[in-house]
Amino acid sequence: MKRFLPHILLVLVGVLAGYYLTLVVAPYAVLYVFEHKLLAKVAENEVYHATLPAATPKTGTMPNPDFLYSILKYNLSGGPIRLTGLVPHDTYWSFSAYQANSSNFYVVNDGQITGDKFDFVLAKSGESLANYQLPSSAKIIYSPSATGVGLFRLLASIKLSSAQLETLRHQTQVQILKNGSL
Amino acid sequence: MTMSSPRNIRRWAAYAGLALIGLVLGSGFAIYRLQDRNIGVAIKNRAWSTFDGDANKTDWLTMGRLAIHAILVLGKTETIYFSAGADDQGHPLSSDHVYRIHGIPPSARYWSITVYDLHSDLVANESNRYNLNGETIHLGSDGLYTIYLSQKSRDENWLPAGNVGPIYLTFRLYMPSEELRRSLTTTQELPTIEEANP
């Protein structure tokens, strides 16, 4: 039996390594597939406005059929990006950001924003923004990873018409910031 | 004997093979555990369950399950997602049964009850209605609501069950009150789910 102890230990170490490696990689793999399969046609650093979720197409993502989702596949390797747009206060609205391993690291909703506009600058964690002329009103959001997903949720409330909701969310703009300029 | 002797090569190949077997077994076990829809430490309240903890500050298994079964979820302060795959008696929900869902409007900014199949997709039905929410639901004179989850349409508060076999419900609570967040296991703001006569 002693003769096989190293072999058994080797298998056990392999089991533990395989188990934890898979668990660590899984969230990255899921977001990678989400970005490259479901959002394959969505360009990086542009906001894609999805229609209200329905039974088809099947996405397996447990969508909320009440929400108009607007999705941003961000890549900050070329510099920070600035997001601007309108915030409604008569229906639920939120912006949330997810890093490459799919964890949510930032969320803000309409009740937490004063006024009817938002102005976010999304930058890589640790990046110095000293060379950028940023508006004082901008909220700086640091992403732990260079890539990830930003998600706007807009409740399709019966208090607002489809046209009002679409007009509102299509005001969202994305701008890649260059050194020394807005 | 050198490292490159045939005997040593065979020995190291055997070690590599054993390690590889271990890696495959461990990975397979992880994949098996990731399939479980019970995300993290469950908070149970009758038929409903949610996971305990913040979506961002949790263990790897929970993070993996969240990513697979509920990608892009939010933390408990913003949203609580309760799921129910069975009625109050513990019988798995099925689209060919009729259920009566009864409750009090919860203390949240926005709330809804949505039907999904086991692949986390919305359930197809002729009405293209997948949920009821705080705006669209009709309350009784007592301030309570009663939803009928069934294939056949009902006059009021009908939630189509489609024709997909096993289903589950998600009860979303956006911006829940602090009192609700603190009493998830005991709150009476989660509706009852009982099988009803067809």
Side-chain angles (χ1 to χ4, degrees), chain A residues 6-31 33-34 38 52-67 69 71 91-92 94 96 98-99 101-105 107-111 149 151 153 155 157-159, chain B residues 14-16 18-31 33-34 54-61 63-75 77-79 81 83 109-110 112 114 116-117 119-125 128-131 133 135-136 162 170 172 174-175:
Chain A
H7 302 84
I8 293 167
L9 283 175
L10 195 59
V11 173
L12 286 177
V13 169
V15 166
L16 284 173
Y19 179 76
Y20 284 107
L21 267 175
T22 304
L23 291 187
V24 171
V25 167
Y28 289 92
V30 170
L31 196 70
V33 170
F34 179 77
L38 290 178
L52 277 175
T56 51
K58 297 193 178 302
T59 59
T61 56
M62 210 179 81
N64 184 342
D66 289 336
F67 277 168
Y69 292 104
I71 303 165
T91 187
Y92 176 85
S94 70
S96 46
Y98 301 82
Q99 57 175 305
N101 69 357
S102 82
S103 354
N104 173 226
F105 63 89
V107 61
V108 65
N109 61 52
D110 59 290
V149 170
L151 188 61
R153 290 172 164 92
L155 174 62
S157 167
I158 54 175
K159 289 181 276 187
Chain B
Y15 287 159
L18 288 171
L20 190 63
I21 288 169
L23 278 170
V24 170
L25 286 174
S27 182
F29 184 53
I31 290 168
R33 294 198 73 195
L34 286 167
D54 196 300
N56 313 308
K57 297 167 188 160
T58 191
D59 61 279
W60 289 334
L61 181 61
M63 272 184 64
R65 284 177 179 167
L66 275 170
I68 290 169
H69 301 295
I71 193 169
L72 308 185
V73 291
L74 293 167
T77 311
E78 189 72 14
T79 313
Y81 308 83
S83 290
R109 163 104 182 266
Y110 153 80
S112 67
T114 310
Y116 295 96
D117 64 20
H119 302 291
S120 299
D121 285 312
L122 297 166
V123 171
N125 65 87
N128 292 327
R129 181 190 293 178
Y130 311 107
N131 74 349
N133 64 40
E135 281 187 340
T136 55
T170 293
R172 285 183 170 85
Y174 275 76
M175 298 171 69

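What you see below is based on every heavy atom in this structure, not just the backbone, and it leaves out hydrogens, waters and symmetry mates. Just so it is clear, the model here is predicted, and its values are computed rather than measured.
- Heavy atoms of B/Tyr116 lying under 4.5 Å from chain A belong exclusively to its side chain.
- Heavy atoms closer than 4.5 Å to chain A are found in both the backbone and the side chain of B/Leu72.
- Inspection of the A/Asp66 and B/Tyr130 side chains reveals no N or O donor paired with an N or O acceptor under 3.5 Å.
- Annotation: maximal heavy-atom pairing with chain A below 4.5 Å, among B/Thr136, B/Val123, B/Val24, B/Leu61, occurs at B/Leu61.
- Of the possible polar contacts, one joining the A/Tyr98 side chain to the B/Val73 backbone as a donor-acceptor pair under 3.5 Å is found.
- Interatomic distance, CG of B/Asp121 versus NZ of A/Lys58, reported as 5.0 Å (0.5 Å rounding).
- Contact annotation for A/Val149: only side-chain heavy atoms (C-beta onward) come within less than 4.5 Å of a heavy atom of chain B.
- For B/Glu78, the side-chain hydrogen bond (donor to acceptor under 3.5 Å, both in side chains) partners at least two apart in sequence or on another chain are A/Tyr92, A/Asn109.
- By number of non-hydrogen pairs under 4.5 angstrom with chain B, the leading residue of A/Pro27, A/Ala17, A/Ala26 is A/Pro27.
- Neither the backbone nor the side chain of B/Arg129 comes within contact range of chain A; no heavy atoms are under 4.5 Å apart.
- Listed by chain and number, the residues in a side-chain hydrogen bond (donor to acceptor under 3.5 Å, both in side chains) with B/Ser27 are A/Thr22 (sequence neighbours excluded).
- Each of B/His119, B/Met175, B/Arg109 has some count of heavy-atom pairs under 4.5 Å with chain A, and the biggest count is that of B/Arg109.
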request  = Show your working on side-chain contact (heavy atoms from CB on, under 4.5 Å) between A/Val15 and B/Phe29 and close with a plain yes or no.
outcome  = CA-CA 9 Å; A/Val15 166; B/Phe29 184 53; over 6 Å; no
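- Here the shortest heavy-atom pairing between B/Leu122 and A/Pro63 reads CD2-O, 3.9 Å.
- Residue A/Val13 does not touch chain B at all, counting heavy-atom pairs closer than 4.5 Å.
- For the residue pair A/Asn64 and B/Tyr81, no side-chain donor N or O sits within less than 3.5 Å of a side-chain acceptor on the partner.
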request  = Apply the test side-chain contact (heavy atoms from CB on, under 4.5 Å) to residues B/Trp60 and A/Tyr19: give CA-CA distance (whole Å), side-chain angles for both, the deciding distance (0.1 Å), then the verdict.
outcome  = CA-CA 11 Å; B/Trp60 289 334; A/Tyr19 179 76; over 6 Å; no
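- Within the 3.5 Å criterion, the main-chain N or O of A/Leu23 finds no donor-acceptor partner in the side chain of B/Arg33.
- When the candidates B/Leu25, B/Asn128, B/Asn131, B/Asp117 are compared by the number of heavy-atom contacts under 4.5 Å with chain A, B/Asn131 comes out ahead.
- Contact record, A/Ser96 with B/Leu74: CB-CD2, 3.5 Å, taken as the closest heavy-atom pair.
- Rounding to the nearest 0.5 Å places CD1 of B/Ile68 at 14.0 Å from OG1 of A/Thr61.
- Note that CE of A/Met62 and OG of B/Ser83 are 5.5 Å apart. Values are rounded to the nearest 0.5 Å.
- Taking both residues in full, the closest heavy atoms of B/Thr114 and A/Pro65 are given as CG2-CD, 3.8 Å, listed atom of the first, atom of the second, then distance.
- Contact annotation for A/Ile158: both backbone and side-chain heavy atoms come within less than 4.5 Å of a heavy atom of chain B.
- Contact of A/Ser94 with chain B is made through the side chain alone, with heavy-atom distances under 4.5 Å.
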